[in-house]
Amino acid sequence: MIAEVIVDLALNQTDKPFDYSIPESLQPLVERGARVIVPFGPRKLVGFVVAIKSDTALEKVRPIHSVIDQTPVLTDELLQLGKWLAKETLCYEISAFLAMLPAAMKASYKKVISVADAGLFENEFMDLLFLFKNGEQIEWESLQKTHGSWLKRIKEALQAGALKEHQQVNQGQAVKKMKVVQPALTYDELKQSLETFKGRAKKQRDVLTFFLEQESPTAIAVNEVIRATNVSRATIKTLVQKGFLIETEKEVYRDPFQGSAKPTIPLELTDEQQAAIHPVLEDLDERRHRVHLCHGVTGSGKTEIYLQAIQRVLEKGQEAIVLVPEISLTPQMVERFRGRFGDEVAVLHSGLSRGEKYDEWRKIHRGEVRVVVGARSAVFAPFTNVGIIIIDEEHETSYKQEESPRYHARDVAIFRGEFHHCPVILGSATPSLESYARAQKGVYRLAPLLKRVNQKPMPPVSIIDMREELRAGNRSMFSRDLFQSLQERLRKGEQSVLFLNRRGYSTFIMCRDCGHVLSCPHCDISLTFHRKNNKVKCHYCGFEEQVPHQCPSCGSEHIRFFGSGTQKVEEALTTLLPEARVIRMDVDTTRKKGAHERFLKAFGRGEADILLGTQMIAKGLDFEKVTLVGVLAADAMLHLPDFRSTEKTFQLLTQVGGRAGRHQLDGEVIIQSYTPEHYAMTLAAEHDYQHFYLKEMQSRKRHDYPPFYYLSLITVSHESFARASGVAEQITRLLAQELTSQAIILGPVAPPIARIKDRYRCQCMIKYKNEPKLKQTLKNILDHYQGAFSKEGLSISMDIDPYLMM
DNA sequence: AGCACGCCGACT
DNA sequence: GTCGGCGTGCTC
């Protein structure tokens with residue numbers, strides 16, 4: 001038999017299946033979707049079996065070396081999906097496969113050197129003995145680093161045959177093992193021997209007694225025994241040595257959510273909720289694929305609909321995938337699912353360690369759970385009988401992966417929904433224009449949830465004109481209204497949430513004398529000040545340096561921080577409202593594991609009066625005593641060079657507004673803006689999605705943007721600006737030739753950040769409605785410049801449906 | 001990616 | 001006449 005294998009080399013020339021024979025002994029293990037190790041030229045590589053056939057057109061095929069997986073890691077469905085992803089996003093098939101698996105399964109390769117001919121080695125290469133003392137293997141890589149001067153000599157030894165080198169394939173996964181002990185004797189024997197333990201060995205007696213007290217003689221974790229009997233590790237070791245206990249290792253899962261969640265029961269649905277869920281349940285019963293766009297305002301009970309739909313899926317013996325944006329994968333959210341479905345739930349998000357993610361993935365793979373709640377990549381959960389896929393906060397741009405494979409989770413979800421004949425629910429209070437337009441056209445089914453479950457009206461929103469404040473002589477970052485409201489909450493013992501979508505202390509540092517802005521020497525972007533270590537940092541390449549005392553341009557000492565980040569707001573708060581207890585949440589303060597959760601819990605317990613934060617506090621939070629939400633700079637992102645910036649602003653303001661007054665107490669929202677008349681502000685304040693949709697659609701239509709046109713973006717980068725723009729120019733011309741006259745081809749233009757890591761960038765954008773030749777043309781372009789990639793460091797990236805234009 | 005093959009300049 | 005530079009092409 002012959003296996004077709006996609007090898008682990010992300011390259012143009014290897015982006016196709018290679019044929020290998022299957023040795024008799026491996027016959028039963030080699031299955032489609034399993035990973036294998038295959039010889040490839042002089043080395044060994046990991047590969048995925050994509051097909052098995054009886055013969056091959058080639059005359060020389062080499063045999064598969066070994067099989068990694070007992071059970072295939074990719075189902076037939078996922079293999080198909082990988083192929084589709086490669087075609088749609090213009091990535092290599094191997095990249096698509098790897099994107100579907102936890103990072104812990106990514107293989108690494110290293111070359112190791114060991115003694116081949118001991119006699120020859122001792123005779124002729126005694127000088128190398130210190131390196132190869134006791135038949136050790138040495139990694140080539142570390143050798144290069146630590147003993148560079150010996151490389152030449154080692155090469156001689158290799159040539160002479162005294163040393164040999166070979167490839168080591170490291171599949172890199174880390175199964176966590178735990179030491180467990182169990183009695184080596186039967187209950188009665190144990191009881192008897194306990195009586196022979198006389199005199200001093202009290203601790204050992206304690207341990208044996210502990211085992212006697214157990215209901216069944218199962219293995220117990222060493223740590224557990226130590227804790228329960230209050231003995232030291234030495235005691236257990238002695239008992240093992242004496243033969244009373246047997247020590248073994250047991251595979252364990254790392255449990256990121258220790259303990260169980262409080263069980264919750266299904267709530268009675270309102271009429272509106274009934275109307276929204278009913279067609280979904282129908283789809284489930286009829287095994288029909290449809291996409292439901294659940295447009296539910298904050299507090300309308302979307303999650304309960306998800307939960308009850310999943311309930312039905314589980315009753316039917318099927319599985320459910322729930323996607324949640326990374327940022328709102330808060331413990332609060334996870335608890336709701338674990339509370340309803342308990343141990344049936346696996347969780348996948350970036351807060352987990354590599355190993356933890358791998359363990360959660362294995363639970364899914366082994367069929368030990370039937371619900372997965374996770375961020376973008378959880379859409380690839382290796383379930384075999386998917387009953388529903390839910391994407392919460394459907395409009396979030398984090399569902400689009402910004403590196404290869406540049407896929408959108410929504411598209412993958414729909415692919416899988418079609419495959420499994422199951423419904424897909426897209427839920428949002430502020431659907432993306434793309435999705436809402438599709439619902440309007442009847443491609444998706446619209447399920448509106450426009451009432452809040454608790455009948456509470458939306459909180460009143462006021463927009464403050466910050467230009468007005470300035471004119472009135474208020475130069476602080478708080479308007480008079482906001483400041484007054486904050487004071488009032490403090491007095492009443494209620495809580496406030498302040499929202500700012502910038503991190504760090506200030507956005508940039510400017511010289512007041514000459515206007516010089518500190519910028520990164522490698523990227524065309526200003527440096528961001530971080531107070532913690534008094535340094536400025538580039539967010540694109542990581543460049544870092546001490547803040548200069550003098551302006552590097554004119555030598556003036558009047559160097560100042562501009563813009564206001566969360567740190568600066570925090571400082572202002574402590575000066576203006578010294579009695580207020582403030583919790584600041586941004587990327588910097590929540591970097592440590594569990595910090596996010598800790599802050600929110602503390603705020604929930606009322607340990608602070610004001611929660612100040614960035615993006616991450618915009619959604620999902622639900623605190624009883626929050627009655628004021630303030631947005632400090634609502635137009636901060638309105639003017640970003642991105643056609644979605646208006647939409648994003650509207651979504652954010654709506655989202656943030658939903659945080660106030662969700663319970664007994666009435667809430668209020670204050671938005672500070674320099675462009676208060678902008679419709680993203682006024683319509684968000686009126687909670688008027690419909691109107692915003694119409695207005696924004698007009699603007700998109702005028703400018704030929706999605707959802708009226710599809711978009712593709714090509715970014716060329718090179719050390720030399722001329723080369724980058726030259727290639728972009730060539731590409732533009734070629735596209736104009738190949739595509740229909742309907743396509744709008746823009747560029748080449750320099751993107752907002754024209755240089756990153758010392759490489760100049762140039763872009764070309766294509767707007768189109770129907771271009772059957774587009775993907776093929778783009779692929780041809782990639783192939784054409786293939787040679788130039790490695791040779792002269794040219795790089796071309798293609799993004800179908802980009803969400804990040806920078 | 002690695003590695004071999006292969007074709008032109010500076011050396012014993 | 002040979003050693004070695006790295007351009008080109010292949011790996012089932």
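In what follows, chains carry the letters A, B, and so on, assigned in the order in which the sequence lines appear, proteins first and then strands, with residues in each chain numbered from 1.
- Counting to the nearest Å, the P atom of C/dG9 and the CG atom of A/Leu9 are 18 Å from each other.
- The nearest whole Å value for the distance from the CG atom in A/Asp19 to the P atom in C/dT11 is 12 Å.
- Ring-plane geometry between A/Tyr407 and A/Phe380 is classed as perpendicular, the angle between the planes exceeding 60 degrees on a 0 to 90 degree scale with a lower cut at 30.
- Counting heavy-atom neighbours within 6.0 Å of A/Lys757 NZ, excluding the residue itself, gives a total of 12 or less.
- In this structure, CZ of A/Arg62 is placed 5 Å from P of C/dC12, rounded to the nearest angstrom.
- Donor-acceptor pairing under 3.5 Å is lacking for the side chains of A/Gln80 and A/Asp76.
- The side-chain tip of A/Lys44 does not point at the ring of A/Phe40 from less than 6.0 angstrom away and within 45° of straight on.
- A/Lys16 comes within 4.0 angstrom of a nucleotide base, judged by non-hydrogen atoms across all strands.
- Here A/Glu4 lies out of heavy-atom contact (under 4.0 Å) with every strand.
- Summarising the geometry, the separation between CZ on A/Phe48 and P on C/dC12 is reported as 19 Å, rounded to the nearest angstrom.
- If you look at A/His408 and A/Tyr803, their ring centroids are closer than 6.0 Å.
- A/Leu11 places its CG atom 11 Å from the C1' atom of C/dT11, with the value rounded to the nearest Å.
- Between A/Glu59 atom CD and C/dC12 atom P the separation is 13 Å, expressed in whole Å.
- Here C/dC10 presents its P atom at 14 Å from CG of A/Asn12, a figure rounded to the nearest Å.
- Atom-to-atom, OH of A/Tyr20 to P of C/dT11 comes out at 10 Å; the value is rounded to the nearest Å.
- The outermost nucleotides of DNA chain B lying under 4.0 Å from heavy atoms of chain A, listed 5' to 3', are B/dA1 to B/dC3.
- The side-chain heavy atoms of A/Ser725 and A/Pro748, taken from C-beta on, include no pair separated by under 4.5 Å.
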